[in-house]
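Below is one structure; the comments refer to it alone.
Chain identifiers are assigned alphabetically (A, B, ...) following the order of the sequence lines, protein sequences preceding nucleic acid strands; residue numbering begins at 1 within each chain. Side chains are part of it too, since the values below use all heavy atoms of this structure and drop only hydrogens, waters and symmetry mates.
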Amino acid sequence: MSRNYIYELSGLEDGKRVDIAGWVQDIRKLKNVAFLMVRDNTGIIQATLKLDNETTKHMINELTRESVIKLTGILNKHSPAKGGVEVQTIDLSLLNRSLTPLPLGIADPVEADFDTRFNNRFLDLRKPERLKIFHVESELLWGIRKFLNSEHFVEVHTPKIVAAATEGGADLFGVKYFEKNAYLNQSPQLYKEMLMSAGFDRVFEVGPAFRAEEHNTPRHLNEFTSIDIEMSFSDHNDAMSMLERSVKAGIESVALSNTFRDLDSTEIEVPEIPFPRISYQKCIDYLHKNGVEMEFGVDFSPEQLKIVGEQFKSFYFITEWPSQVRAFYTMPKENNNLVTNSFDLQYRDKEITSGAQRIHEVDMLEKRLKEKGLNPADFEFHLKAFRYGMPPHAGWGLGLERLTMILLDLQNIREVSLFPRDRTRIVP
RNA sequence: GCCCCGAUAGUGUAGUGGCCUAUCAUACGAGCCUGUCGAGCUCGUGACACGGGUCCAAAUCCCGUUCGGGGCGCCA
């Protein structure tokens with residue numbers, strides 16, 4: 001089926017014969033002429049249709065909004081239509097008729113509720129502003145992938161079905177695995193580290209992470225996409241540098257892309273690097289200075305994070321987190337065991353990435369496991385990799401949805417998930 | 001898991017005990033209009049989440065259920 005994409009029509013010459021295909025977003029029927037607003041994934045254009053015979057009249061009466069059509073016509077670049085470009089229809093064929101009324105309107109001025117939108121997500125996604133979100137996300141990821149590739153990272157795929165509670169902390173979803181009980185992995189952390197022992201030097205993975213947490217917030221999903229890296233012979237500073245350059249590369253890729261075509265393009269601001277660093281302790285000091293209570297050794301509340309974030313206009317790192325709030329594998333700071341060589345990447349009050357230098361000495365790792373109330377025996381498959389030559393290493397995990405959300409200034413993470421999995425939704 | 005709030009046509013809403021035979025917009029259907037562009041105009045179809053209770057009378061008050069929203073907590 002040869003066809004012209006709608007966004008390219010304005011670049012073609014007047015009077016040219018064109019074939020377009022897409023959805024009929026709106027139909028305006030007058031006595032002798034009808035106007036169809038035809039949309040494909042690149043844009044929308046008006047097609048005119050002379051109602052000068054019974055066949056055409058009948059066809060127009062049969063047409064419904066959101067039906068799929070194909071039409072051949074002559075490009076008119078001197079049209080009184082908005083944008084000055086329209087197509088004079090010569091031949092119209094209905095490829096698939098839509099039922100009426102629609103469960104949610106595409107062209108209607110009334111916006112549907114969240115629940116209605118996600119119950120009819122395939123329709124909701126037909127709106128150009130929704131489609132745009134996923135184009136941006138794709139472009140962002142391509143930018144990061146290309147950058148990591150240029151830094152000699154190998155893209156890997158680790159198992160999502162795992163045997164044991166991997167890290168403590170987050171709850172896992174259980175699955176039946178033949179005669180055994182298994183779980184959906186909450187992060188590729190342990191596998192990435194084993195690959196450091198395996199000599200991969202630098203790996204990254206883009207994949208789903210599952211968290212069986214009963215949270216109900218605009219910034220959590222129970223299944224989200226995590227971009228994870230791990231790098232050998234590196235510390236937390238190397239990892240932070242790699243992170244800020246990855247984020248910049250991703251955003252640059254969005255800014256330079258032609259993703260938007262003729263859709264409304266958003267102002268994408270490429271951030272300056274290096275991002276500012278502020279230690280956990282300095283954040284507490286800042287809160288105290290502003291009359292807000294906060295004790296050492298706990299995570300920030302959303303309210304506290306909002307205050308901390310006021311100091312920065314975009315991305316910044318919070319470093320040196322206390323070991324109480326970090327995972328067992330996080331490397332303690334030399335000369336100060338209360339804090340760790342760890343960091344979070346924040347955007348104002350939102351956490352996007354968590355990372356750290358990892359412990360590479362097995363004795364220390366076992367000690368930390370016990371301190372966290374975990375049983376080293378459960379981690380034997382993992383600890384083994386540390387006994388035969390594990391290089392020092394560091395890494396991070398970045399929430400793709402969260403980064404996209406920030407870039408587009410969206411208020412709910414579900415907007416950035418095609419089919420979000422939250423506390424109650426598993427369909428569609 | 002805790003607290004707060006909500007559920008009315010396909011969609012989004014108004015309606016705080018009788019004036020509800022339920023408002024408005026949009027969608028949908030029929031028609032009018034020689035070019036619309038948030039088209040316009042006329043007519044029409046279409047709804048009180050479910051179960052129980054209070055009351056002469058319930059969309060409206062009470063209880064429960066289901067579903068949803070917001071905030072918090074939980075959360076490498």
Side-chain angles (χ1 to χ4, degrees), chain A residues 25-37 44-52 61 64-66 76 79-86 88 98-120 123-124 166-172 185-190 192-193 209-222 224 226 228 230 239 298-304 321 323-331 340 342-345 351-356 358 368 372 394-399 411-412 414 422-425 427:
Chain A
Q25 184 165 112
D26 200 7
I27 303 161
R28 282 191 276 276
K29 202 185 73 162
L30 282 74
K31 194 174 187 182
N32 296 313
V33 64
F35 301 95
L36 307 181
M37 303 306 295
I44 186 159
I45 196 162
Q46 173 168 291
T48 63
L49 193 60
K50 289 239 169 3
L51 302 178
D52 53 6
N61 277 329
T64 53
R65 280 185 174 189
E66 294 305 314
N76 174 7
S79 154
K82 272 187 186 163
V85 182
E86 67 177 18
Q88 297 273 2
S98 170
L99 291 179
T100 60
L102 296 163
L104 91 90
I106 307 298
D108 298 21
V110 287
E111 182 60 282
D113 285 346
F114 240 84
D115 203 38
T116 309
R117 286 181 47 205
F118 284 99
N119 285 336
N120 300 282
L123 272 179
D124 183 52
T166 50
E167 298 171 38
D171 285 329
L172 304 181
N185 210 175
Q186 65 174 107
S187 113
Q189 184 59 33
L190 305 185
K192 287 191 299 179
E193 291 196 66
F210 304 91
R211 305 277 165 93
E213 304 293 339
E214 298 195 10
H215 36 49
N216 190 217
T217 78
R219 61 186 181 281
H220 288 97
L221 290 169
N222 294 285
F224 64 94
S226 179
D228 269 87
E230 204 67 32
V298 293
D299 207 344
F300 300 100
S301 71
E303 196 197 348
Q304 289 164 337
W321 291 75
S323 46
Q324 292 101 303
V325 298
R326 302 304 276 207
F328 70 87
Y329 48 75
T330 311
M331 180 70 95
T340 55
S342 59
F343 57 88
D344 275 9
L345 179 64
E351 179 194 334
I352 307 158
T353 311
S354 209
R358 327 294 193 187
R368 290 291 295 137
K372 288 277 176 185
W396 41 258
L398 185 163
Q411 301 313 308
N412 195 313
R414 280 163 260 230
D422 62 24
R423 177 65 188 85
T424 51
R425 180 175 291 280
V427 174

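A:Q88 comes within 4.0 angstrom of a nucleotide base, judged by non-hydrogen atoms across all strands. Contacts of A:N412 with the nucleic acid, taken as non-hydrogen atoms under 4.0 Å apart, involve only primed sugar atoms and P, OP1 or OP2. Looking at heavy-atom distances under 4.0 Å, A:P80 makes contact with a base. If you check every strand for non-hydrogen atoms under 4.0 Å, A:D115 touches sugar and phosphate atoms only. Nucleic acid contact for A:E86: base, since at least one base atom lies under 4.0 Å from a heavy atom of the residue. Among the atoms of the strands shown, none is found under 4.0 Å from any heavy atom of A:D344. Using a 4.0 Å heavy-atom cutoff across all strands shown, A:S342 reaches no nucleic acid atom at all. Contact annotation for A:S79: base contact, defined as any heavy-atom pair under 4.0 Å involving a base atom. Looking at heavy-atom distances under 4.0 Å, A:R423 makes contact with sugar-phosphate atoms alone, never a base. Counting any heavy atom pair closer than 4.0 Å across all strands shown, A:A81 reaches a base atom. Among the protein residues, A:Q46 comes within range of the nucleic acid bases, having at least one heavy atom under 4.0 Å from a base atom.
When each of B:rC74, B:rU26, B:rG1 is scored by its nearest atom to the side-chain atoms of A:E213, the top-ranked nucleotide is B:rC74. Closest to the A:N32 side chain, of the nucleotides B:rA76, B:rU34, B:rG71, is B:rU34. Among B:rC67, B:rC74, B:rU36, the nucleotide with an atom closest to any side-chain atom of A:H215 is B:rC74. Checked against B:rC37, B:rG10, B:rG29, the side chain of A:T100 finds its nearest nucleotide in B:rG29. Checked against B:rU13, B:rU26, B:rG70, the side chain of A:V110 finds its nearest nucleotide in B:rU26. Ranking B:rA39, B:rG35, B:rA76 by closeness to the A:K50 side chain, first place goes to B:rG35. Checking B:rC67, B:rG12, B:rU36 against the side-chain heavy atoms of A:L30 singles out B:rU36 as nearest.
Across all strands shown, nothing is found opposite B:rC55 as a Watson-Crick or G-U wobble partner with both distances under 3.5 Å. Across all strands shown, nothing is found opposite B:rU23 as a Watson-Crick or G-U wobble partner with both distances under 3.5 Å. Across all strands shown, B:rU42 is found opposite B:rA30 as a Watson-Crick or G-U wobble partner, with both distances under 3.5 Å. With both pairing distances under 3.5 Å, B:rU60 is matched to nothing as a Watson-Crick or G-U wobble pair. Pair assignment for B:rG1: B:rC72, on the basis of Watson-Crick or G-U wobble contacts that are both within less than 3.5 Å.
Atoms CD1 (A:I45) and P (B:rG35) sit 21 Å apart, rounded to a whole Å. Between the P atom of B:rU34 and the NZ atom of A:K31 lies a distance of 5 Å, rounded to the nearest Å. In this structure, NE2 of A:H220 is placed 14 Å from P of B:rG70, rounded to the nearest angstrom. Per the geometry, CG belonging to A:D422 stands 8 Å off P belonging to B:rG68, to the nearest Å. Separating the CG atom of A:L104 from the P atom of B:rC28 is a distance of 13 Å, rounded to the nearest angstrom. Taking atom CE of residue A:M37 and atom C1' of nucleotide B:rA39, one finds them 12 Å apart after rounding to whole Å. To the nearest angstrom, P of B:rC28 lies 12 Å from CZ of A:R28. Atom CG of A:N216 is separated from atom P of B:rC5 by 16 Å (rounded to the nearest Å).
With no hydrogens or angles considered, no side-chain donor-acceptor pair links A:S98 and A:E66 at under 3.5 Å.
Side-chain contact between A:E230 and A:P188 is absent, with no heavy atoms from C-beta onward closer than 4.5 Å.
Close to B:rU36, at under 4.0 Å from its OP1 or OP2, lies no side-chain N or O of A:T48. The side chain of A:T424 places no N or O atom within less than 4.0 Å of a non-bridging phosphate oxygen (OP1 or OP2) of B:rC67. Phosphate contact (OP1/OP2 of B:rA27, side-chain N/O of A:R65, threshold under 4.0 Å): present.
Using a 30° and 60° split on the angle between ring planes, A:F300 and A:W321 fall in the perpendicular class, above 60°.
Applying the salt bridge (Lys or Arg N to Asp or Glu O under 4.0 Å) test to pairs two or more places apart or on separate chains, those with a residue in residues 100-111 of chain A are A:R65-A:D108, A:E111-A:K127, A:E111-A:R130.
In terms of heavy atoms, A:S187 sits closest to A:Q189 at OG-N, 2.9 Å.
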